[in-house]
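All remarks here apply to the structure that follows.
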Amino acid sequence: MSREPSLFDFEEVEAKERELAEWRKNFERADWVAPYETASGLKKGDVVLGWRCPACWDIEPNEFLLELNHCLSPNRIGRAAKLTECSRMELHMAHAIYDRRQREKAGA
């Protein structure tokens, strides 16, 4: 049997909506310029309104790729720490550390 929503439930929903609105303030739209012809039919140089990562400022053509490549989405609240260091930055750092270790091994 379903229960009738109470005033508390509405307050909880409104609180989550406010939290999501605050989270969305961290994201901004930006023009993404296609670097090559894409499978979606964009030609090289076409401009699409995309999303800018708040951590690394890289621009992705859509929200799906922003979440896939940076683990951030304007429509899904994440960790506040991700606003200063996204997954893309962590991956670049890991590659740099690996490359440095490989060079040290080769030189030793």
What side-chain donor-acceptor pairs closer than 3.5 Å can you find for residues 87-95, not counting sequence neighbours?
{"unit_1": "Ser87", "atom_1": "OG", "unit_2": "Lys82", "atom_2": "NZ", "d": "3.1"}

Could you state the interatomic distance from [atom1] ([X]) to [atom2] ([Y]), rounded to the nearest 0.5 Å?
{"X": "Ile77", "Y": "Leu20", "atom1": "CD1", "atom2": "CG", "value": "5.0 Å"}
{"X": "Trp51", "Y": "Asn62", "atom1": "CH2", "atom2": "CG", "value": "10.5 Å"}
{"X": "Ile59", "Y": "Leu65", "atom1": "CD1", "atom2": "CG", "value": "13.5 Å"}
{"X": "Cys53", "Y": "Glu85", "atom1": "SG", "atom2": "CD", "value": "10.5 Å"}
{"X": "Glu63", "Y": "Leu68", "atom1": "CD", "atom2": "CG", "value": "12.0 Å"}

Salt bridge (charged side-chain N to carboxylate O under 4.0 Å, His left out) with [X]: which residues, sequence neighbours excluded?
{"X": "Glu17", "result": "none"}
{"X": "Arg100", "result": "Glu104"}
{"X": "Glu28", "result": "Arg52"}
{"X": "Lys43", "result": "none"}

Applying side-chain hydrogen bond (donor to acceptor under 3.5 Å, both in side chains), name anything that partners [X], two or more places apart in sequence or on another chain.
{"X": "Asn69", "answer": "Glu60"}
{"X": "Asp99", "answer": "none"}
{"X": "Glu14", "answer": "none"}

Which atom pair, heavy atoms only, marks the closest approach of Val48 to Pro61?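 Looking at all heavy atoms of both residues, the shortest contact is CG1-O, 4.0 Å.
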Can you pull the ring pair (Phe, Tyr, Trp, His ring centres under 6.0 Å) pairs that have at least one residue in residues 20-41, sequence neighbours excluded?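 Sorted pair list: Trp23-Phe27.
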Partners of Gln102 by side-chain contact (heavy atoms from CB on, under 4.5 Å), sequence neighbours excluded?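 Applying side-chain contact (heavy atoms from CB on, under 4.5 Å) to Gln102 gives Tyr98, Lys105.
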Hydrophobic cluster of Val33, others only, ordered by chain and residue number, side-chain cut-off 4.5 Å: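 The other cluster members (ILVMFWY side chains, heavy atoms under 4.5 Å, direct or chained) are Val47.
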Residue pairs passing the salt bridge (Lys or Arg N to Asp or Glu O under 4.0 Å) test where at least one lies in residues 64-76, sequence neighbours excluded: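 Qualifying pairs, neighbours excluded: Glu67-Arg76.
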